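Working notes, beginning with the structure itself.
Residue numbering restarts at 1 for every chain, and letters A, B, ... go by the order of the sequence lines. All of these numbers come straight from a predicted model, not from anything done at the bench.
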Amino acid sequence: MLAVKTFKPGKEGDGVSPTAIREIMLLREISHENIVRLDSVHLNRQEPCLSLAFDYAEHDLYEMIKFHRDKVHGPIDLYTVKSLMWQVLNGLSVMHQNWIIHRDMKPSNVLVMGEGEEQGRVKIADFGLARFFQAPLRPLSDNGVVVTIWYRSPELLLGAKHYTVAVDMWAAGCIFAELLTLRPLFQGEEKKQPGNAFQADQLDKIFRILGHPNTQAWPELENLQHWRDNTENVRVRKTWHPEAHVGQEQRLEEYLAEHSGLRRALRGSPAVDLLMRMVDYNPLTRITAAEALEHEWFRQDPLFGANSFVHRGRAVVQYPRRVKYSSTAPNVPVHPTTSTAAEAGGTQSAIPSQGVITGSSRGGETAAGVPARVRSRPDLEKFVKPGKRKHDFGPGFR
Amino acid sequence: MAANFWTSAHRKLLVPRERLQGSHKADLEKGLSDNQLTQLQAYLILYIGDLAKASQQLVRQRVAATACTYFHRFYVKNNFCEHDPRIIAPACLYLASKAEESQIQAKVLFQMMKKLSARYHFMPILEMKQLLDLEMVLLEELDFHLVVFSPYHSLVKFLADPKLAAMPATTTKTGTMTLAECCWAVLNDSYQTTICLTYAPHIIALACISVAAALLHRDVTAWMLGLQADLDQVFEVTLEITLFFDRYGQPISAEECRRPDLSQGCDARARGGLRMFALTL
């Protein structure tokens, strides 16, 4: 099974969208068990459009969290959370070692494989905003706003021009908390404005849980545009947390105790320390992916596993398959040995419209701001009509 | 992978020199000589470089280098007579600018092409549709491998070695030149050959240092022997660059240029890229 993502050229007429180029370029170079595999690229010179075919993943963290919140009404198993987190960090670690920064980590971009050989394995997906950061010719800030707002790190929110892979770690921390509590850790209102608007509400939500940042723990704070200019009074914004005097760790622990169904397992657990270090205000002291993999929590029982759905031979949970195409879809031949399933296009609708690169820089998108995906059967069939060019990288590529 | 040349796709895509001999079959059948093929190639690489320069810092040298690598890779399997190199060249630059995260807009590229058109014997200016179509053709022919490891990175690291950095500048007829400046110039010109298809970037960087040192009458032998690099390969590349400079540093005769089927593409300016070399002699 494959998932297909189609890019149409933008109206400006600047050819293949940079998003598609990034994705092709990075995924053609990197291959790792926790990173989605690019199976093939399909070109249609008549239209013109370009489609990428990935290994199909039945689940993603967004759907899994939603399932637990709305259907199970119970927490995700601790073993599952740990296995998922370890694999997310493992994938990030490999990316960061290879000078790749993802810049759009969020639950819906972390896929998990369904039944089959790789069941329960995490695949980080959507490299449309990712780029190499080794010896960049243009500053990273040239790419505009990055990372969906709830997962955007404070340095980005405060207008940092130079940022590092630590932005991915912040997002991973937010995902971690969301897995534990089934709700976004910092659920701010996005201010919809063209350009790089100051997102005061998002910062408030962060301050409310983590307290106000200070220059003692984060000296570089003074250099950040919005902090320096005191945009919307950010330096003195009220912290609503009733017990502002208690330490960050205690506050996070309280937050988890209040919202997580795993509160008993989390009491005194190193998980809280790991989370705290992932959402460290200072990007320079924030834990790195490689360090996080060595964290004590991962050495504690229950130990993580490669299949995050099956613990000691017992299926922890059965997630529903993607609704749209799983059972009813007829097999559409892409090449002789595989059939195709379209990546469900609607899964991201409940997430605030992707606060990623705005303006014309992201060419191949539909109006909704979500990368164009194959949304309906007819589209797909049109696309795989015989005679159109396609390129399979075959089993040799991996 | 991306951090390590040895596990990268670039490494796997290197073509041994013997296999390069098999390319341009159709061109040879049509009557182009090896010599002329090399000249054409050099001329178009020069064109890519000048397009990049015409952008006034919009396109950096490394982007042009990546574009040149795409150009060479494209013509390993293809022929000049089937795909007009005069329009493939700007398409390479366009794609490279996207891959190196410093995209130039198509209309800016068209301006650059118009600016250079007269100087380059009225190179055809391709249409927008053509450019976007060629971008896809290129992607396909490159098998979607866009990451290029550039010798510039290695070169900068080597030049940071105190033993090289301490070498005094050499005074030539036209002015003084440091080893670093000369290395950069040699490396830029080296793209007119196909060495980027065959050798690892650090080998090319070392060969450029060795050529530059020879041009400036400096001795880097001792320094190079202290490295754990494949010096045989460095020597091969050094020889290839030097031979190329020797052979193509001279203007092409008018007669050769007037060949009817070549009058558009081939030009006495193929020697132009070797300005640097002529200047130091």
Side-chain angles (χ1 to χ4, degrees), chain A residues 7 9-10 12-32 35 38 40-50 52 94-100 129-140 142-143 360-361 363 389-394 396-397, chain B residues 1-5 7-13 52 57-66 91 94-110 127-150 152-154 156-157:
Chain A
F7 294 87
E12 329 275 296
D14 247 322
V16 180
S17 86
T19 321
I21 297 274
R22 286 190 198 112
E23 229 170 335
I24 294 173
M25 179 162 102
L26 296 167
L27 290 177
R28 201 76 178 88
E29 193 69 29
I30 196 165
S31 83
H32 184 261
I35 291 168
L38 179 65
S40 50
V41 179
H42 306 251
L43 294 175
N44 181 346
R45 280 168 63 188
Q46 273 75 45
E47 289 242 6
C49 72
L50 183 148
L52 309 181
V94 166
M95 278 161 55
H96 294 171
Q97 278 167 38
N98 282 287
W99 300 98
I100 296 169
L129 270 179
R131 68 174 276 185
F132 286 118
F133 61 95
Q134 184 184 32
L137 288 173
R138 297 264 184 92
L140 273 70
D142 269 17
N143 293 120
S360 60
S361 49
R389 322 203 59 152
K390 57 175 190 274
H391 299 272
D392 305 324
F393 301 137
F397 170 65
Chain B
M1 282 192 275
N4 183 347
F5 172 76
T7 56
S8 70
H10 187 153
R11 163 86 178 74
K12 286 174 209 132
L13 287 172
Q57 288 299 308
L58 266 179
V59 183
R60 303 270 300 270
Q61 186 60 43
R62 198 174 80 202
V63 180
T66 302
Y94 184 59
L95 183 61
S97 80
K98 283 188 186 177
E100 295 279 354
E101 288 280 351
S102 47
Q103 189 184 353
I104 26 168
Q105 283 179 308
K107 57 180 184 202
V108 177
L109 182 64
F110 289 130
E127 283 167 30
M128 177 72 97
K129 235 183 117 192
Q130 241 178 332
L131 177 72
L132 302 187
D133 188 44
L134 281 176
E135 189 186 15
M136 288 210 164
V137 174
L138 260 179
L139 270 174
E140 185 183 340
E141 289 294 325
L142 295 172
D143 198 18
F144 307 96
H145 285 297
L146 300 178
V147 179
V148 170
F149 283 73
S150 155
Y152 289 94
H153 196 67
S154 316
V156 169
K157 277 191 183 161

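- Proximity to chain A is absent for every atom of Leu131(B), based on heavy atoms less than 4.5 angstrom apart.
- Between Phe144(B) and the choices Leu43(A), Leu52(A), Ile21(A), the side chain to side chain contact (heavy atoms under 4.5 Å, CB included) rule is met once, by Leu43(A).
- Nearest heavy-atom pair across Glu29(A) and Ala9(B) is OE2-N, 3.1 Å.
- Options Lys129(B), Arg62(B), His10(B) differ in how many heavy-atom pairs under 4.5 Å they form with chain A, and the most are formed by Arg62(B).
- By the 6.0 Å contact criterion, CD on Glu127(B) is open, its count of non-hydrogen atoms from other residues, nucleotides or ligands being 12 or less.
- Comparing Ile24(A), Leu140(A), Leu26(A) by heavy-atom pairs within less than 4.5 Å of chain B, the highest count is held by Ile24(A).
- Proximity to chain A involves both the backbone and the side chain of Glu101(B), based on heavy atoms less than 4.5 angstrom apart.
- Checked by atom type and distance alone, the side chain of Arg28(A) pairs as donor or acceptor with a backbone atom of Asp143(B) at under 3.5 Å.
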